[in-house]
Chemist: 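Structure incoming, see below.
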Amino acid sequence: MRVLHIGKFYAPFAGGIENFMRDLLPALQTQGVDTAAIVHDHQFGRRRTHENNKIPTIFRVPTYGNLLYAPVSPEFPLALNQVIRTYKPDILHMHMPNTSVFWAEVLPCARHIPWVIHWHSDVVFSDIDRRIGIAYRLYRPFEQYLLKKAALIVATSPPYLATSSPLSAWHDKCGVVPLGLDASRLKAPDSNLNNWAKQVWRRGKTRILSIGRLTYYKGHEVLIRAAAHMPDMHVLIIGQGEREKYLKHMVAKLGLGDRVTLRGFMPESKLQALLATCDCLCLPSIERTEAFGLVILEAMRYAKPVVAGNVAGSGMGWVVQDKQTGLLVQPGDPEDLAHALLVLAKSPDLRRRMAHAAVERFNAVFHIDRVAKEIAVMYQDTLLRNESINKAPASPIGPLITYLFS
């Protein structure tokens, strides 16, 4: 079986979906599934490349910036057409949201292959960035056609499936498989890295780590405001994004430079050292765009409790078991967040119990081998239903695109 994944980006780009794909594709190889991926190049303006000396093969397509968080890549349909014709996949596995997967709706070579849609997140309307709601009016018809044509839709948690408006009409072909990680990739730091990490943390303070892109739905400003109630803690925020200057200005304005540090991008080895040496991880996300929180699994792998926003309909409240593997808080409430972090800070025994439970849950539910096995079984079922998939209605502009790309 040959499966071509269509993703937004791929490692070494730092992102939850990208880290999941990096672990999933090799794990699928061990299940007898030959895998490759076509993605956008995260370094803008580079020529098209493919890594055919590695398993899996990764095809990277040039990009020229972003428009509303979507990569601008005029070459993507041509590259996708070429990769499908040469790789000859049995299944297309599309990771959503990603506007470039819509090209599969009109490419003749793609329309005759069964589609598996990995639904990582809805396009969530935001009070912070209202442009998304306006753009979704154009996006939705393509999204719904994609779901209609799909043979299988994979949601990442039961609550997200239950509350997803775009998926509501398609529950009969939806399944749930959680995201997972390869524990062997997340290594214990050596002595040099361990010593470096201990020097980063302020001595005598409870160590609160937050990892994620500095963007509108991550709630970093809530964590910064919570730090005003936490004089004996050091909050370390790792990540880059469009809100970096705003957050740094906020820290300075509130006079919290001795409690909150923004360190920007961090190489993977140093990031793992910080995870290994922190007291807990905080994911203060405030909107359903944070559908799962893969960084929670990284913290669980390192036996760390997690404090996360209990966003209605998000998978975070399912991944983190409240009062067992961590604590859930009211999204957007700095005082509630501070209270939860103070509870963990004052109780090392509670942190140890939660850490032990987190490791057990990671091994039982979120190890990548278990996830890959479930997805491989879904692939087999998808191929068995291939005949019915091909009966989907034709795209309204299909004849024109067929002529252009044949």
Side-chain angles (χ1 to χ4, degrees), residues 5-9 15-21 40 66-71 92-105 115-179 212-213 215-219 241-242 283-297 308-320 328 331-332 375 378:
H5 290 248
I6 305 177
K8 197 171 181 180
F9 299 110
I17 297 175
E18 290 74 22
N19 282 334
F20 171 64
M21 288 180 62
H40 307 92
N66 287 298
L67 179 63
L68 282 178
Y69 312 104
L92 292 179
H93 187 143
M94 307 173 184
H95 295 265
M96 292 285 288
N98 178 7
T99 54
S100 290
V101 304
F102 295 149
W103 288 109
E105 299 181 7
W115 299 350
V116 171
I117 309 299
H118 215 125
W119 197 260
H120 293 272
S121 173
D122 299 348
V123 176
V124 179
F125 294 2
S126 173
D127 292 333
I128 301 172
D129 192 342
R130 296 181 182 274
R131 299 174 302 165
I132 297 173
I134 297 171
Y136 185 69
R137 297 175 184 175
L138 177 63
Y139 180 95
R140 179 178 167 81
F142 295 97
E143 170 195 81
Q144 288 298 303
Y145 180 80
L146 193 81
L147 294 171
K148 187 171 187 176
K149 172 84 165 62
L152 174 68
I153 303 163
V154 182
T156 58
S157 71
Y160 211 86
L161 174 58
T163 57
S164 171
S165 176
L167 298 184
S168 60
W170 314 108
H171 280 193
D172 60 325
K173 55 182 175 182
C174 288
V176 174
V177 179
L179 301 184
R213 191 157 53 95
T215 192
Y216 69 96
Y217 65 87
K218 291 288 188 177
E242 68 275 6
L283 188 63
S285 299
I286 56 176
E287 294 189 353
R288 252 181 102 255
T289 307
E290 189 74 81
F292 191 91
L294 197 76
V295 69
I296 297 173
L297 304 191
N310 193 18
V311 176
S314 169
M316 289 188 294
W318 177 76
V319 178
V320 177
L328 297 175
I375 291 177
M378 287 182 167

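It should be emphasised that the depicted structure is a prediction, and the values quoted were computed from it without experimental measurement.
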Chemist: Looking at NE2 of His118 and CG of Asn98, how far apart are the two atoms once the value is rounded to the nearest 0.5 Å?
Modeler: 13.5 Å
Chemist: When rounded to the nearest 0.5 angstrom, what distance separates CE in Met378 from CG in Leu152?
Modeler: 5.5 Å
Chemist: What are the two closest heavy atoms between Pro158 and Trp318, and how far apart are they?
Modeler: CD-CE2, 3.7 Å
Chemist: Report the C-alpha separation of Trp170 and Lys148 in whole Å, then their side-chain angles, then the decisive distance to 0.1 Å, and conclude whether the side-chain contact (heavy atoms from CB on, under 4.5 Å) test is met.
Modeler: CA-CA 8 Å; Trp170 314 108; Lys148 187 171 187 176; 3.6 Å; yes
Chemist: Please determine whether side-chain contact (heavy atoms from CB on, under 4.5 Å) holds for the pair Arg140 and Val123, giving the CA-CA distance in whole Å, both sets of side-chain angles, and the decisive distance to 0.1 Å.
Modeler: CA-CA 9 Å; Arg140 179 178 167 81; Val123 176; over 6 Å; no
Chemist: When rounded to the nearest 0.5 angstrom, what distance separates SG in Cys174 from CD1 in Ile117?
Modeler: 10.5 Å
Chemist: If only atom types and distance count, is the side chain of Lys173 paired as donor or acceptor with the main-chain N or O of Leu147 below 3.5 Å?
Modeler: yes
Chemist: What I'd like to find out is whether the side chain of Tyr160 reaches to under 4.5 Å of the side chain of Arg288, using heavy atoms alone.
Modeler: yes
Chemist: Can you give me the closest heavy-atom contact between Pro331 and Gly309, atom names plus distance?
Modeler: CG-C, 4.4 Å
Chemist: Where the side chain of Tyr216 meets the backbone of Glu242, is there a donor-acceptor pair that is under 3.5 Å apart?
Modeler: no
Chemist: How far does CG of Leu283 sit from CE of Met316, to the nearest 0.5 angstrom?
Modeler: 5.5 Å
Chemist: May I ask you to decide if Gly317's main-chain N or O and Asn310's side chain share a donor-acceptor pair within less than 3.5 Å?
Modeler: no
Chemist: So, do His93 and Val154 sit near enough that their side-chain heavy atoms are less than 4.5 Å apart?
Modeler: no
Chemist: For Phe292 and Leu297: C-alpha separation, side-chain torsions, deciding distance, then whether side-chain contact (heavy atoms from CB on, under 4.5 Å) applies.
Modeler: CA-CA 10 Å; Phe292 191 91; Leu297 304 191; 3.9 Å; yes
Chemist: Taking atom CG of Leu92 and atom CD1 of Ile6, what is their separation to the nearest 0.5 Å?
Modeler: 5.0 Å
Chemist: Calculate, to the nearest 0.5 Å, the distance between atoms NE2 and OG1 belonging to His40 and Thr99 respectively.
Modeler: 6.0 Å
Chemist: When Met94 is tested against each of Val116, Ile153, Leu146 for side chain to side chain contact (heavy atoms under 4.5 Å, CB included), which residue passes?
Modeler: Leu146
Chemist: Checking Thr163 side chain against Pro159 main chain: does a donor-acceptor pair fall under 3.5 Å?
Modeler: yes
Chemist: Given Phe102, which of Trp115, Phe142, Tyr145 fulfils the ring pair (Phe, Tyr, Trp, His ring centres under 6.0 Å) condition?
Modeler: Phe142
Chemist: State, to 0.1 Å, how close Leu167 and Leu161 come at their nearest heavy-atom pair, and which atoms those are.
Modeler: CD1-CD1, 3.9 Å
Chemist: Please walk me through it: do Lys149 and Glu105 pass side-chain contact (heavy atoms from CB on, under 4.5 Å)?
Modeler: CA-CA 8 Å; Lys149 172 84 165 62; Glu105 299 181 7; over 6 Å; no
Chemist: When you measure from the side chain of Lys8 to the backbone N and O of Glu18, does any donor-acceptor pair fall under 3.5 Å?
Modeler: no
Chemist: Does Ser121 reach the main-chain N or O of Ala291 with its side chain, forming a donor-acceptor pair under 3.5 Å?
Modeler: no
